Amino acid sequence: MDFDFKKIEQKWQKRWENKKIFQVKESKKKKFYVLEMFPYPSASGLHMGHALNYTIGDIYVRFKRMQGFNVLYPMGFDALGLPAENAAIKAGEHPKPFTEKAIKNYVKQMKLIGLSYDWSKTLSTMDPEYYKWNQFWFLKFLEADLVYRKKAPVNWCPKCKTVLANEQVQKGVCWRHEDTEVEIKHLDQWYLKTTKYADELLDKVDGLEWPQKIKSMQKNWIGKSHGTEILFEIEGKKWPIFTTRPDTLFGVTFMVISAQHSELMSLVTEKQKKEVEKFLKKLKSTSEKDIEELEKEGVFTGSYARNPINGEEIPIWAGNFVVADYGSGMVMAVPGHDQRDFDFASKYKINIKEVIKQEAKPIASLSKNQTKGGNVKEKAYIQEGVLVNSKEFNGIKNDKAKEKITEFLKKKKLGKKVIQYKLRDWGFSRQRYWGTPIPIINCGSCGLVPVPEKDLPVKLPEKVKFGKGNPLETNEKWINVKCPKCKGDATREPDTMDTFFDSSWYFLRYPDNKNSKKPFDKTLVQKWLPVDQYIGGTEHACMHLIYARFFTKVLRDLGFLDFDEPFTKLFNQGMLKGHDGEKMSKSKGNVVLPEEVSKKYGIDAARLFLVSNSSPDKDIDWSEEGIQGSFKFIKKIVNYFEEVQFEKADARIESKINKTILEITEYLENFKYNLAVIKLRELFESLPEKTSKEVLENSLKLLNPFCPHITEELWEKLGNKNFLSLEKWSKANKKKINEFFEKQDLAISKLISDINQIFKLVKNKEKIYVYVLPNEKELYDEALINKISGRKISIFAVNDKTKYDPSNMSKKTKPGRPAIYLE
RNA sequence: GCGGAGUUGCCGGAGUGGUCAAACGGGGUAGGUUUAGGACCUAUUGGCUUAGUGCCUACAAAGGUUCGAAUCCUUUACUCCGCACCA
C-alpha cells in the first residue's frame, strides 16, 4: 500500500485548475445551473459541516457534467454584513481587509475539498462593482414606486445597534443574539413593497419542486386570510378594524388596541393616563421571552368606539396580546365566541354576549366543553351555529351571516371584504457600516433626492469610526455632498442596505459577473436561469428564499427578465454535527476541519463518508470510525487496481455493472447518495481478479463524483490521457442485466452459510456433499461455490443415479433448500 | 395551539403489502495471518433448538383491514423541527 493521497489530490486539483476544465463554455449542450447558497465568509474558515454542504452540490454537478450537460456551477461570497463588521471591530481591523482575507481562505479551502466550481464566475458582494447594482436596483424600485420611507415601529437590536426585519426577529430576540431582546423603536426606515407581491408569492409556491416543508413555511409566513374590514367610529374618526368573524359583530363588547400602537396615547383620556402609563411600564419590564407564557393583560383607555351595526358604545382597552402591525393594530373583541377575548373579558369582568347558538342537535353530539343549549360558561363557543341577539340577522347560519353582515356594512359604506397578509413590507435599511450605501441625498430644500445613475456606485468610505451611532455619519467628507438637483449643501443617507438585498439577486449576476455596463445581460440570464438546482439550508425559508422570489418577480415586471421563479428545484441539506451529536462550535470543541481530515484520510474518504451513512437531507454526526470505514474502502479499491489483470469480462460482472449503472444514476438524480454508495460498495466488492478495462473504467466513472481525485488517478493508471471528470457518464446496457446471477449469488451464500453452521455443530468432518433439485442444478454451480466458499464441495442433482449419498440425505432436498451431507 | 417530519437490531440507517430476522456501514465476538500491536482476510452477531432448511419473539404501543403487514387504516405515546396571542 503505497499511495500518497495527499499528493494525488494536489496533483489533480492543480491539473483541473491549469486546464480550466470546470470553466463553463459556449456549447450546444443543454444548460444546467446548480447553485449552493453562497456563504458569508467567516474568519474562522470552513469546517467539515460546510464541506458537507458543498460536497452534496459537487457530487451532483460532477454527475450532471458527465451526463453531458453544460453545467454552470459558480461560487461567490456574501461578504457584506453585520457579522463581518462586528468581528472586524473585535479584531481591531477594518472589515474590508478582514473579509478579503477570509474570502481568500475560503477559496483555498474549497479547492482543497475538490469542489469543481467555475472560479471565473465568482463574485463578492463587497465589490463596488457588485453593490453598485444593488444601488441601481434601489433607484429602479424607487422609480417603480416599490420603495418608500416611513416612520414605523421597528425591531431594534441594541447589540447589533440596528433595525431588524421581521424575518430576523425570532421569538422576540435577535436572530444573531439569542440573549438580546429586540426593542420596539419608532424610526424612519426604508421599505420595499413585498406585500404588493404577496398574492403571487403565495400562489406560485405550490408549483415549485421544493421540499414540502419549505413550501408550507412560506405559505404560513405570507399568511393570507380573508375577512372584513369594519369601520368603527372613535371620537369622530373612522377606524378600520379587520376581522374574520363579522358574523359576531353584535357580540362585540370591547375593543383592544395594541399596547405598541403608535397612536395609542391619542385614545387615552386624561383620567386614564396614569393607569395606561403604568401598564406600559410594566409591559416593558417583562422580558420578551416570557411573553409566551404571559397572561392577557390590559387597561382601559377611557375612550369608546361606536359599533357601526347597532350604535353601541364600546369601551376601548389597550392590550398586550394584540399585534401592532397586523390589520390596524386594533381588534374588536367578542368574548362570547373567541377564546382570547373570553379570557380577557373574564379577567376584567367585561360583559360577555352570546350571539351564536348551536343549532338543535342530539345531546350526544355536544362536545364536553359545551353545556346544553350552548350557553357560554367557561369557554367561548367557537363552533358553527345560528345567530341570536343580532336583530334582523337572527336565525341565520353564522357562515352565511359573515357575507350578509359584510354586505350590509358595504351598502352603508361602513365596511368591506378584504384580504390580509401576515407578510409585511420589508424594512431593509440598517444603521451600520458594512453594507451597500443607500443612494439617496438629503437636501434641505429638495428633500430626498436619488443619486443619479451615472454617479453610481456610491462607494463605502474607508475611514469611519465605529461605536457611536451610525458609522457612516462619522466621515464628514463622505456624508456632506452637493444636492444633485439644486447643487446646494446636502447630506448623504447614512443607512446601508440589509445584506439580504445583496443575496436577493446574486444568482442572476453569476452568468454575467463581469458586466460593468449593466447588472447583467438579459439574454445571458435568460439562457442560464432559472437555477435548475438550488441547494441550501432550511433557515432561509422565510428570508432569503422569499426575498429572492420577490426580486425575481419585480425584475420581471421591470423588464429585466422573463421568468417568474428563480429556483426550479430546491434541496435542503442536513447539518453535520459533532461526534457528540451537538452542533459544531468552537466553544464545544467538536469542530472538525477539512484540512485535518484530509491529512489523515484524504479528502476523498471524507467526501465519501459525509454522504455514506444517511440521506443528505438529514442531520448526521461526525464519526471517526465512520470515516475510517470510507478510508478502508478507498484503500481496498486502490489495492485492487494494482493487482487486477485484464481479460474479457464475464457475463456475471457485465450484468452487475450494468445494473449498478442504472441504480446509481437513479440515486444520484434524487440525492439518495447513501444508497448510491451502498451500490458502489457492492459493485467494487464483486469485481473479479480478472476483468476487462471497460468494466474497470465504468466502475471508476460511477465512483468519480464521490471521490474525484483517486478516480482520476486510477483512470490515468489504466492508460487514459484525458480527464475522467470530463468523460461521459456510462449508459447501462439493459440486455446484459441478468437476474439469474443475483438469484444464484443469493442461493449460494445461503448454502454456504448453512454449511458453515453445520461445521460449527459437528467436528471432524471434511467432505461436503450437497443434493439439489434437478432444475436448480444450474443455480448451484459447483465451481462457483467452491471458489466462493474456499471449500471442496460436491454438488449432485437428486435424480443423479451415480451420486454419493450413503445416509440418503438427498431425500430431504426441497425447492431452494439443498440437502447437505458431511463426512 | 397550528403545521411538518419521524419512532426499525448494540449504533447509524435501508426497506413502504408476500422474495424480511431485515440491505450497507459502524461496533462486538470467534478464527486466520502477523514477533506483538496495527492493518488485512474469513466467519458470526434476536432467542431457543438442531447435522443446518425448525420453533418463538421482533420493526414505538394497542386495535383493525387482508389469505398475508415493518409496510395500509384508526387511536395512543414519545422525539425532532417550523410558526405562534395574525383577531
Side-chain angles (χ1 to χ4, degrees), chain A residues 1 170-172 211-221 223-225 227-228 241-246 248 252 255-256 258 291-296 319-334 337-341 343-344 420-424 538-539 541-542 572 581 608-609 612-615 617-621 623-630 632-633 635-636 639 672 674-682 685 742-743 746 750-763 765 789-790 807 809 812-823:
Chain A
M1 247 296 305
Q170 284 151 7
K171 293 190 176 146
Q212 197 48 52
K213 189 183 163 193
I214 303 286
K215 293 206 268 186
S216 52
M217 278 168 82
Q218 286 209 352
K219 279 195 213 165
N220 195 295
W221 187 261
K224 184 178 185 174
S225 55
T228 304
I241 304 295
F242 177 75
T243 180
T244 54
R245 295 296 303 273
T248 61
V252 178
M255 312 287 285
V256 189
S258 166
I291 252 170
E292 279 176 53
E293 292 102 51
L294 205 65
E295 220 181 300
K296 287 163 192 60
N320 63 352
F321 66 100
V322 175
V323 178
D325 51 357
Y326 182 75
S328 54
M330 195 189 317
V331 297
M332 57 178 235
V334 186
H337 306 285
D338 181 283
Q339 192 54 43
R340 294 158 301 183
D341 299 345
D343 295 342
F344 194 86
Q420 273 289 337
Y421 297 93
K422 286 195 218 172
L423 185 79
R424 320 286 155 77
T538 51
E539 66 273 22
C542 299
N572 279 140
L608 189 65
F609 165 68
S612 283
N613 276 337
S614 167
S615 175
D617 56 353
K618 290 195 181 135
D619 291 352
I620 52 165
D621 295 346
S623 134
E624 197 69 17
E625 287 96 355
I627 188 166
Q628 278 174 21
S630 300
K632 277 188 221 166
F633 175 59
K635 273 204 300 192
K636 250 191 238 180
N639 284 341
K672 296 192 170 168
N674 52 327
L675 302 183
V677 171
I678 287 167
K679 291 298 164 192
L680 280 168
R681 295 189 103 111
E682 286 176 355
E685 189 64 37
E742 262 178 71
K743 256 196 244 162
L746 222 71
K750 203 169 172 195
L751 174 66
I752 292 172
S753 153
D754 280 346
I755 292 171
N756 284 332
Q757 227 177 103
I758 302 174
F759 263 106
K760 257 186 167 175
L761 295 165
V762 290
K763 307 281 184 246
K765 307 283 181 188
S789 67
S807 56
M809 264 306 181
K812 285 194 170 182
T813 303
K814 284 178 200 161
R817 281 154 190 178
I820 301 161
Y821 173 66
L822 306 187
E823 71 168 22

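None of the values given here were measured: they were computed from a predicted structure. Quick note on labels: first sequence line is chain A, next is B, and so on, each numbered from 1.
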Nucleotide nearest A/Ser216 when distance is taken to its side chain, options B/G3, B/C83, B/A87
B/G3

Categorize A/Ser225 for me: base, sugar-phosphate, or nothing, with a 4.0 angstrom heavy-atom threshold over every strand shown.
sugar-phosphate

Over all strands shown, is A/Thr244 touching base, sugar-phosphate only, or nothing at heavy-atom distances under 4.0 angstrom?
sugar-phosphate

Run the salt bridge (charged side-chain N to carboxylate O under 4.0 Å, His left out) test against A/Asp621 and tell me which residues pass, sequence neighbours left out.
none

Which part of the nucleic acid does A/Asp338 contact within heavy-atom distance under 4.0 Å: base, sugar-phosphate only, or nothing?
nothing

Which residues share a side chain to side chain contact (heavy atoms under 4.5 Å, CB included) with A/Val677, sequence neighbours left out
A/Leu608, A/Val611, A/Ser612, A/Arg681, A/Phe706

Report which part of the nucleic acid A/Tyr821 touches: base, sugar-phosphate, or nothing (heavy-atom distance under 4.0 Å, all strands).
base

When the C1' atoms of B/A61 and B/C11 are compared, how many Å lie between them, rounded to an integer?
23 Å

Name the stems that RNA chain B belongs to, where each is three or more consecutive Watson-Crick or G-U pairs with both distances under 3.5 Å?
B:1-7 with B:77-83, B:10-12 with B:24-26, B:27-32 with B:40-45, B:46-48 with B:54-56, B:60-64 with B:72-76

Taking only N/O atoms, report every protein-nucleotides 18-26 of chain B pair under 3.5 Å with atom names and distance.
residue	atom	partner	partner atom	Å
B/A23	O2'	A/Glu682	OE2	3.4

Report the distance from atom NZ of A/Lys219 to atom C1' of B/C2, rounded to the nearest whole Å.
15 Å

Can you check the A/Trp221 CH2 to B/G4 C1' distance for me, whole Å?
17 Å

Partners meeting side chain to side chain contact (heavy atoms under 4.5 Å, CB included) with A/Arg245 (sequence neighbours left out):
A/Thr243, A/Asp247, A/Thr248, A/Ile356, A/Asn398, A/Lys402

Figure out the CZ/P separation between A/Phe633 and B/A39, and round it to whole Å.
19 Å

Are any of A/Lys635's side-chain N or O atoms less than 4.0 Å away from OP1 or OP2 of B/G38?
no

Rounded distance [0.5 Å steps], CG in A/Asn613 versus OG in A/Ser630:
7.5 Å

Examine B/C41: is either OP1 or OP2 under 4.0 Å from a nitrogen or oxygen in the side chain of A/Lys636? Give yes or no.
yes

Not counting sequence neighbours, which residues clear salt bridge (charged side-chain N to carboxylate O under 4.0 Å, His left out) with A/Lys672? List them please.
none

Considering only B/C83, B/A87, B/U44, which nucleotide approaches the side chain of A/Val322 most closely?
B/A87

Could you pull out all residues at least two apart from A/Ser623 that satisfy side chain to side chain contact (heavy atoms under 4.5 Å, CB included)?
A/Phe609, A/Glu625

A/Gln218 CD to B/C81 P, straight-line distance once rounded to whole Å
21 Å

Sugar-phosphate only, base, or nothing, as touched by A/Ala333 at under 4.0 Å among non-hydrogen atoms:
nothing

Name all residues meeting the salt bridge (charged side-chain N to carboxylate O under 4.0 Å, His left out) criterion together with A/Lys219; count only those two or more places apart in sequence or in a different chain, and write none if there are none.
A/Asp206

Quick one: do A/Lys422 and A/Asn220 satisfy side chain to side chain contact (heavy atoms under 4.5 Å, CB included)? Show the steps, please.
CA-CA 8 Å; A/Lys422 286 195 218 172; A/Asn220 195 295; 3.7 Å; yes

Please list, chain by chain and in numerical order, all residues satisfying salt bridge (charged side-chain N to carboxylate O under 4.0 Å, His left out) with A/Lys743, sequence neighbours excluded.
none

